[in-house]
Amino acid sequence: MNTYYKKLLILKSIEFTDNQFELALKKAGYEITTAVNVEVVLERIASQKVDLIICPRKLNGESGFSIFKRLRPYLLTTAVPFFLFLQKYDEKDIMIGLEMGIDNFIFKPIDIDSVIRKVDRAFYKRTELNVFTLKHFKKYFSKSDVPMFFLEGNQVACVNEAFKKLVKRKSEDMENQRFDWLFSIANNEKNEYHYRQFVDGVTEICKLKEVTCCSTNGVKYNINLHRGNQFDIRSAFAEILPLNNDIAKVNSKSDEKEALSRLDIAKEKYGLTKRELEVFHLSANGLTVKELAAELKISERTVEKHRANIRRKTQTRSILETMWVIDSNY
């Protein structure tokens, strides 16, 4: 079990005061806190003092479904899972909860091993959720010197300041425009094929090489596209790297220095091992688990284990978030 994700918040009610349940979760390594109303929950979410919420079917006369609906906007932006506690197995309640987006259910008689497996799966799923919606990533996105934008489907949804400076256009000139209108990918068969795979959800990362933008007079770029959420293939994040000779030379030297500094920080501050540094560096360069395994001549399972260790040591939920944390220190 990943011990970093261990803060469970249990909403207390008259019908849900099972001390043995709390003791069993504590014994399993979780830190348990309690609350009696939604206001306390919101405060804990805002201060990042909760990693998973367990709510009873009824709390102070309000249904757990209603509470989830009130909390949902905050849960989505913080990727905090929400479990509903039922007094007994109720298929209708479970169907309603699943349709609303509730992550899982606990019901009597309580099987603590089953509960722990559910919690662990929720935390694993949390590591795969959309890091791009989290507050600290939004700040990184807006302040970064690297031109970036978000895609929804084939349309540019949002661009950062660095992107606007690069193409010398206002946000409204680019947002809601088609990606394949802003950037020329149709004249390159490999780019077109890779982009099609990405849009169809076949791949999670797409690298487009020597792409021109309609507003930069033939200057070429490399564009890296990343999927933020494996459950929503429409959402994507992109970085743009200018490629004209002068910029490429400067960027190449700068990238070498930055990679060295980034790895030094990862080693000294977070105690990453030599192999973990290799996995992190290659992951930061966009290699998939399969590509990493082939490059390092190890199994995909071993790669996943190293990536899990990296996330645990840096207390992050994904490699992208790890990059943000380490770059912030840099």
Side-chain angles (χ1 to χ4, degrees), residues 1-2 4-26 28-136 138 229 231-232 235 317:
M1 181 179 64
N2 189 336
Y4 168 60
Y5 301 110
K6 64 178 183 179
K7 305 184 192 72
L8 307 190
L9 175 62
I10 299 176
L11 282 159
K12 304 282 280 188
S13 71
I14 295 174
E15 63 178 7
F16 190 22
T17 55
D18 194 327
N19 293 327
Q20 292 301 315
F21 176 68
E22 292 182 34
L23 288 172
L25 289 173
K26 287 180 181 178
Y30 295 107
E31 178 184 326
I32 307 299
T33 58
T34 59
V36 294
N37 57 54
V38 175
E39 286 68 30
V40 174
V41 178
L42 290 173
E43 181 184 320
R44 300 274 175 82
I45 293 173
S47 59
Q48 299 182 346
K49 292 181 179 179
V50 57
D51 292 307
L52 185 143
I53 294 169
I54 299 175
C55 177
R57 177 66 176 77
K58 287 282 185 182
L59 179 71
N60 302 328
E62 184 177 3
S63 78
F65 298 118
S66 173
I67 291 170
F68 173 72
K69 190 174 181 180
R70 290 168 61 188
L71 293 175
R72 183 162 50 191
Y74 307 96
L75 300 177
L76 288 173
T77 57
T78 54
V80 172
F82 184 97
F83 281 26
L84 190 67
F85 180 85
L86 306 174
Q87 285 296 313
K88 62 179 180 178
Y89 179 85
D90 188 313
E91 187 174 349
K92 290 183 179 179
D93 273 354
I94 291 173
M95 289 298 294
I96 292 170
L98 290 174
E99 288 175 3
M100 292 181 68
I102 290 174
D103 293 274
N104 218 318
F105 303 85
I106 300 169
F107 42 84
K108 290 185 175 181
I110 295 174
D111 180 343
I112 193 63
D113 291 333
S114 174
V115 172
I116 290 171
R117 286 195 297 271
K118 288 179 180 180
V119 171
D120 284 345
R121 281 199 297 270
F123 288 143
Y124 175 77
K125 179 179 174 181
R126 187 184 184 192
T127 66
E128 302 299 325
L129 285 175
N130 194 351
V131 67
F132 307 144
T133 64
L134 302 180
K135 291 179 181 178
H136 56 250
K138 289 181 178 180
N229 185 340
F231 305 107
D232 180 7
S235 299
R317 302 179 181 92

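Remember, it's a predicted structure, so these values are computed and weren't measured experimentally.
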Heavy-atom pair with the smallest gap, counting every atom of [X] and [Y]:
X    : Y    : result
F105 : D93  : CE2-O, 4.2 Å
L25  : V115 : CD2-CG1, 4.1 Å
K26  : I32  : CG-CG1, 3.5 Å

Problem - Backbone N/O of K118 and side chain of N104: donor-acceptor pair under 3.5 Å - result: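 It does not hold such a pair.
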Problem - Check: R72 side chain, M100 main-chain N or O, donor-acceptor pair, under 3.5 Å - result: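 It does hold such a pair.
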Handout entry: Presence of salt bridge, E31 and K49, under 4.0 angstrom
Key =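 Here K49 does not pair with E31 in a salt bridge, since their nearest N and O are not under 4.0 Å apart.
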Problem - From F82 atom CZ to I53 atom CD1, the distance as rounded to the nearest 0.5 Å - result: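 CD1 of I53 is found 6.5 Å from CZ of F82.
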Problem - Between CG on residue L8 and OG1 on residue T34, distance to nearest 0.5 Å - result: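 Answer for the CG-OG1 pair, L8 versus T34, is 12.0 Å.
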Problem - Parallel, tilted or perpendicular, as decided by the 30° and 60° cut-offs, for the rings of Y89 and F107 - result: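 Judged by the thresholds at 30° and 60°, the geometry between F107 and Y89 is perpendicular.
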pair [X]-[Y]: side-chain heavy atoms closer than 4.5 Å:
X   : Y   : answer
L71 : V80 : no
I10 : E22 : yes
E62 : R70 : yes

Practice task
Decide if atom CD of E39 counts as having more than 12 heavy atoms of other residues, nucleotides or ligands within a radius under 6.0 Å.
Solution key: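 Counting other residues, nucleotides and ligands, CD of E39 exceeds 12 neighbours.
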Practice task
Report the C-alpha separation of F68 and L84 in whole Å, then their side-chain angles, then the decisive distance to 0.1 Å, and conclude whether the side chain to side chain contact (heavy atoms under 4.5 Å, CB included) test is met.
Solution key: CA-CA 9 Å; F68 173 72; L84 190 67; over 6 Å; no
